[in-house]
S.K.: 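I am attaching a structure below and will ask some questions about it afterwards.
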2 protein chains.
Amino acid sequence: MQLDRLVQFHKALGDVTRIRILALLKNGPLHGQALAGKLGVKPPTITHHISKLRDAGLIYERRDKNTIYFYLDEKKLKQNAEAILKIGVEAVMPVNKKENEKYSVLNNFFAADGTLKQIPSMRKKRLIVLEHIVKGLIPGKQYAEKEINEYIKRFHEDYATIRREFIANHYMFRENGIYELNPPELWGK
Amino acid sequence: MQLDRLVQFHKALGDVTRIRILALLKNGPLHGQALAGKLGVKPPTITHHISKLRDAGLIYERRDKNTIYFYLDEKKLKQNAEAILKIGVEAVMPVNKKENEKYSVLNNFFAADGTLKQIPSMRKKRLIVLEHIVKGLIPGKQYAEKEINEYIKRFHEDYATIRREFIANHYMFRENGIYELNPPELWGK
DNA sequence: CTTCTAATTAGATATTCATTTAATTAGTTA
DNA sequence: TAACTAATTAAATGAATATCTAATTAGAAG
């Protein structure tokens with residue numbers, strides 16, 4: 001996933017020692033011992049940090065005798081640094097098509113404060129919205145009609161319509177004026 | 001220090017949840033509960049992440065009734081994201097004038113592999129170089145002349161000159177052919 | 001004044017991670 | 001082959017940190 005690469009990149013730069021390594025390598029390649037000396041840390045520490053930077057694709061290396069020179073890949077650095085500016089919600093929110101559709105419907109019909117802006121007229125979208133609302137109710141709990149109305153009003157003023165939809169689409173059932181959730185496999189049927 | 005700000009910024013983006021928050025806020029402000037819902041985490045988790053993003057200067061907020069809306073500061077985001085591309089060694093290596101001078105002298109006279117390219121003729125610079133070399137010796141330990149020579153040779157072939165400079169500038173003292181470090185307060189006197 | 005709601009703080013837990021020393025590997029040179 | 005050097009790996013330790021539940025605060029509305 002695109003997202004993980006971004007996180008990895010920023011994690012790689014989220015450390016003083018690594019930023020210093022990076023700044024040093026900007027002036028040209030250096031080998032491990034030189035880095036360790038300049039930064040006042042031990043060689044294994046350099047190995048550790050180098051491997052993180054390498055994993056993030058920011059450096060490459062060339063061997064000369066026993067000495068390995070580390071090079072900064074400035075192009076990759078630039079690419080990654082700018083990636084965060086271009087990222088969009090798609091890259092970051094549920095991936096599969098179904099979930100994605102669900103997400104965009106919810107995004108369209110619910111305001112940022114969680115209230116329902118409008119009841120969808122397309123049945124498919126309406127079901128998505130109903131499911132979202134019904135998820136705030138407790139399975140197995142018995143609700144008086146008044147309770148249900150109050151609950152629904154937190155989302156939308158037309159509680160009567162939504163309450164009827166709950167029943168008609170089998171999200172809930174009613175017995176003697178008491179409402180209760182159906183098991184999820186019946187929802188929307 | 002400039003460096004710490006950079007680290008803080010990248011640390012702030014080095015986490016999946018925070019990158020997601022950021023991507024969501026790109027489409028406009030959201031409040032805590034909305035973020036928690038969309039991301040599937042609990043409100044305290046949002047508070048936690050928001051405060052990191054806020055500390056990094058990436059978001060600001062506006063209150064409406066009980067609800068606090070978080071806004072992405074896209075300008076700051078851009079500035080910080082690009083800062084890593086512009087950073088130089090100065091920002092990342094010893095800061096105060098004295099240390100800085102030290103650093104550039106060492107950089108000029110030592111090769112990347114740690115060897116001394118040339119013994120400085122200016123006394124001030126020579127002292128910096130001597131101090132650097134002498135720091136590899138163990139305080140309190142007694143060295144035979146041969147050991148000292150061997151040690152110095154790792155830096156420069158003219159070990160005799162450097163060994164004499166050690167004594168003349170009080171980095172070490174000699175007693176019955178045995179060498180030992182002086183305490184640092186005597187160095188260079 | 002009481003109740004409600006959104007946000008935050010406190011405290012706990014489990015995980016990640018930077019650093020070190022000691023041991024090992026890989027490659028060079030004699 | 002043996003001796004050396006630079007780098008890496010292994011293992012240990014201590015600090016930072018992502019998340020949660022439970023308790024608390026701050027503001028709004030009845």
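Keep in mind that the numbers below use all heavy atoms, side chains included, and drop hydrogens, waters and symmetry copies. Just so it is clear, the structure is predicted and the values come from calculations on it, not from any experiment. Letters A, B, ... are given to chains in the order of the sequence lines, protein chains preceding strands, and every chain is numbered from 1.
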S.K.: Is it the case that more than 12 heavy atoms not belonging to B:Tyr151 sit under 6.0 Å from its OH atom?
M.R.: yes
S.K.: Which residues in residues 44-54 of chain B have a heavy atom closer than 4.0 Å to any atom of DNA chain D?
M.R.: B:Pro44, B:Thr45, B:His48, B:His49, B:Lys52
S.K.: Could you please name the option among C:dA7, C:dT19, D:dG27 that lies closest to any side-chain atom of B:Arg63?
M.R.: D:dG27
S.K.: Counting side-chain heavy atoms from CB outward, which of C:dG27, D:dA26, D:dT8 is closest to B:Asn66?
M.R.: D:dA26
S.K.: Salt bridge (Lys or Arg N to Asp or Glu O under 4.0 Å) with B:Glu74: which residues, sequence neighbours excluded?
M.R.: none
S.K.: Take atom CG of A:Leu30 and atom C1' of D:dA6, then tell me their distance rounded to the nearest Å.
M.R.: 15 Å
S.K.: Less than 4.0 angstrom between a side-chain N/O of B:Lys65 and OP1 or OP2 of C:dA6, yes or no?
M.R.: no
S.K.: Heavy atoms, side chains only, cut-off 4.5 Å: are B:His132 and B:Leu116 in contact?
M.R.: no
S.K.: Rounding to an integer number of Å, can you tell me how far B:Ile21 CD1 sits from D:dA18 P?
M.R.: 11 Å
S.K.: Rounded to whole Å, how long is the line connecting atom NZ of A:Lys11 with atom P of D:dT17?
M.R.: 11 Å
S.K.: From C-beta outward on A:Thr67, which listed nucleotide comes closest to its side chain: C:dT21, D:dT8, D:dA6?
M.R.: D:dA6
S.K.: Can you confirm whether B:Glu61 sits close enough to B:Arg54 that some side-chain heavy atom of one is under 4.5 Å from a side-chain heavy atom of the other?
M.R.: yes
S.K.: Could you list the residues that satisfy side chain to side chain contact (heavy atoms under 4.5 Å, CB included) with A:Asp55, not counting sequence neighbours?
M.R.: A:Gln8
S.K.: Round to a whole Å and report the spacing from NE2 of B:His31 to C1' of D:dG27.
M.R.: 16 Å
S.K.: Could you state the atom-to-atom distance from CD of A:Glu61 to P of D:dA6 in whole Å?
M.R.: 17 Å
S.K.: Report yes if a side-chain nitrogen or oxygen of A:Gln33 is closer than 4.0 Å to either non-bridging phosphate oxygen (OP1 or OP2) of D:dT5; otherwise report no.
M.R.: no
S.K.: Do the non-hydrogen side-chain atoms of A:Ile119 and A:Phe109 ever get within less than 4.5 Å of each other?
M.R.: no
S.K.: With heavy-atom distances below 4.5 Å as the criterion, would you say the side chains of A:Arg20 and A:Thr17 are in contact?
M.R.: no
S.K.: Whole angstroms only, please: what is the CG-P distance between B:Asp64 and D:dA29?
M.R.: 9 Å
S.K.: Provide, to the nearest angstrom, the distance between the CZ atom belonging to B:Arg18 and the P atom belonging to D:dT19.
M.R.: 8 Å
S.K.: Could you check how far NZ of B:Lys153 sits from C1' of D:dC4, rounded to whole Å?
M.R.: 15 Å
